[in-house]
Amino acid sequence: MKIATFNVNGIHSRLPRLLEWLGEAQPDIACLQEIKTSDDTFPRDAIEGAGYQAIWHGQKGFNGVAVLTRIGSELVERRRGLPGDPDDTHSRYLEASAHGLVVASIYLPNGNPQPGPKFDYKLAWFERLLEHAASLYASEQPVLLIGDYNVVATDGVADIYSPASWKNDALLQPEARAAYRRMLGQGWIDAIHHLHPDKPIYTFWDFFRNRFGRDAGLRIDHLLLNAAAARRLEQAGVDRAVRAREKPSDHAPAWVVLG
DNA sequence: ATGTCGGCAAAATGCCGA
């Protein structure tokens, strides 16, 4: 069973790349982020043409998350949006049951510039995620919280090519890292780190300054597994070739295989 | 400070968010 996450950075512009990747990678479940579309303009027909059904939580112009599974398999929405703030208008969380798993597509706020209200929102959103994640962790069902966490866990080369030019960025700030560590402290396993602890396996390369060409990448898309899911973890990786194609997203798909 | 994208409003360029 293959479960993937892909920040597409605009599902309309990225549709050729997305369909091509679905055909090649054949994930059983795919979580998408930054679909940047209203609910009524989600490209359902094109995705069905590739053999996938979807649920989505859209938003005009920004954010937006989706969960895809193969047509005919289980896909039941459990929750859209995190509890804890009824005034939050951003579409950043979508949780589903699929293939006997609980899976959530997560688009954590970027938080730049920091300090400031956007960084405060990032930390407040993270607190809501932590609270909800604690209740999910204890599930006897396998649970996967996967997506763009917008956090570089450490300054190590497995997480970032070089922290120097990012040291003031929201993705590296101690408060964001502390929140991510608290997720791990609940017991969640960071699948890529767990299977490849010392290897640079980046998921994002900024469009600026030829950063993909120089492999100046960051690992910010994470697949967090509860104990029931981690017991079944067999493989984890990143489809970095997708980032090298024409009109790519700035992220590459990341995935796990569960037995 | 700078660079490059996607998407939007609204007239084709400037804005925001990343």
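Lettering follows sequence order; numbering is per chain, from 1. Only a predicted model underlies this, so the values are computations on that prediction, with no experimental measurement involved.
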Discussion item. Please tell me whether A:Trp255 and A:Asp239 have a donor and an acceptor in their side chains that are separated by less than 3.5 angstrom.
Written reply: yes
- Side chains of A:Asn7 and A:Glu34: is there a donor and an acceptor less than 3.5 Å apart?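 A donor-acceptor contact under 3.5 Å links the two side chains.
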Run the side-chain donor-acceptor check on residues 60-68 of chain A: report pairs under 3.5 Å with partners two or more places apart or on a different chain.
unit_1  : atom_1 : unit_2  : atom_2 : d
A:Asn63 : OD1    : A:Arg92 : NH2    : 3.2
A:Asn63 : ND2    : A:Gln59 : OE1    : 3.1

For A:Phe207, the hydrophobic cluster (side chain heavy atoms closer than 4.5 Å, chained through members) also holds none
Quick one: name the residues clustered hydrophobically with A:Leu184, using the 4.5 Å side-chain heavy-atom rule over I, L, V, M, F, W, Y, and just say none if it's on its own.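 A:Leu82, A:Tyr93, A:Val102, A:Ile106, A:Leu108, A:Tyr121, A:Trp125, A:Phe126, A:Leu129, A:Leu130, A:Leu136, A:Tyr137, A:Val143, A:Leu145, A:Tyr149, A:Val151, A:Tyr180, A:Met183, A:Trp188, A:Leu224, which link up through side-chain heavy atoms under 4.5 Å apart, make up the rest of the cluster.
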- Query: When all nucleic acid strands are considered with a 4.0 Å heavy-atom cut-off, which category describes A:Arg92: base, sugar-phosphate, or nothing?
  - Reply: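 Result for A:Arg92 = sugar-phosphate.
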When the [atom1] atoms of [M] and [N] are compared, how many Å lie between them, rounded to an integer?
{"N": "B:dG7", "M": "B:dA12", "atom1": "C1'", "result": "15 Å"}
{"N": "B:dA1", "M": "B:dT13", "atom1": "C1'", "result": "22 Å"}
{"N": "B:dC8", "M": "B:dT2", "atom1": "C1'", "result": "24 Å"}
{"N": "B:dC5", "M": "B:dA10", "atom1": "P", "result": "26 Å"}

Rounded to the nearest 0.5 Å, the NE2 atom of A:His57 sits from the CZ atom of A:Arg79 at a distance of 11.0 Å
Let me confirm one number: the CH2-CZ distance from A:Trp56 to A:Arg80, rounded to the nearest 0.5 Å.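 Atom-to-atom, A:Trp56:CH2 and A:Arg80:CZ are 9.0 Å apart.
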Note: for A:Ser13 and A:Phe204 on DNA chain B, the residue whose nearest nucleotide lies more 5' is A:Ser13
- request: Let me know, please, whether A:Arg14 or A:Lys60 comes out on the 5' side of the other along DNA chain B by nearest nucleotide.
  value: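 Closest to the 5' end, via its nearest nucleotide, is A:Arg14.
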Review item, side-chain donor-acceptor pairs of residues 12-20 of chain A, under 3.5 Å, at least two apart:
unit_1  : atom_1 : unit_2   : atom_2 : d
A:His12 : NE2    : A:Thr37  : OG1    : 2.9
A:His12 : NE2    : A:Thr41  : O      : 3.3
A:Arg14 : NE     : A:Val8   : O      : 2.8
A:Arg14 : NH1    : A:Lys247 : O      : 2.8
A:Arg14 : NH1    : A:Pro248 : O      : 3.4
A:Arg14 : NH2    : A:Asn9   : O      : 3.0
A:Arg17 : NE     : A:Glu20  : OE1    : 2.7
A:Arg17 : NH1    : A:Glu246 : O      : 2.5
A:Arg17 : NH2    : A:Glu20  : OE1    : 3.3
A:Arg17 : NH2    : A:Glu20  : OE2    : 3.4
A:Glu20 : OE1    : A:Arg245 : NH1    : 3.3

Span of DNA chain B engaged by chain A, first through last nucleotide within the 4.0 Å heavy-atom cut-off, is B:dA1 to B:dA18
Worksheet entry | Strand contacts (DNA chain B) in residues 109-123 of chain A, 4.0 angstrom heavy-atom criterion |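 Within residues 109-123 of chain A, the residues near DNA chain B are A:Asn110, A:Lys118.
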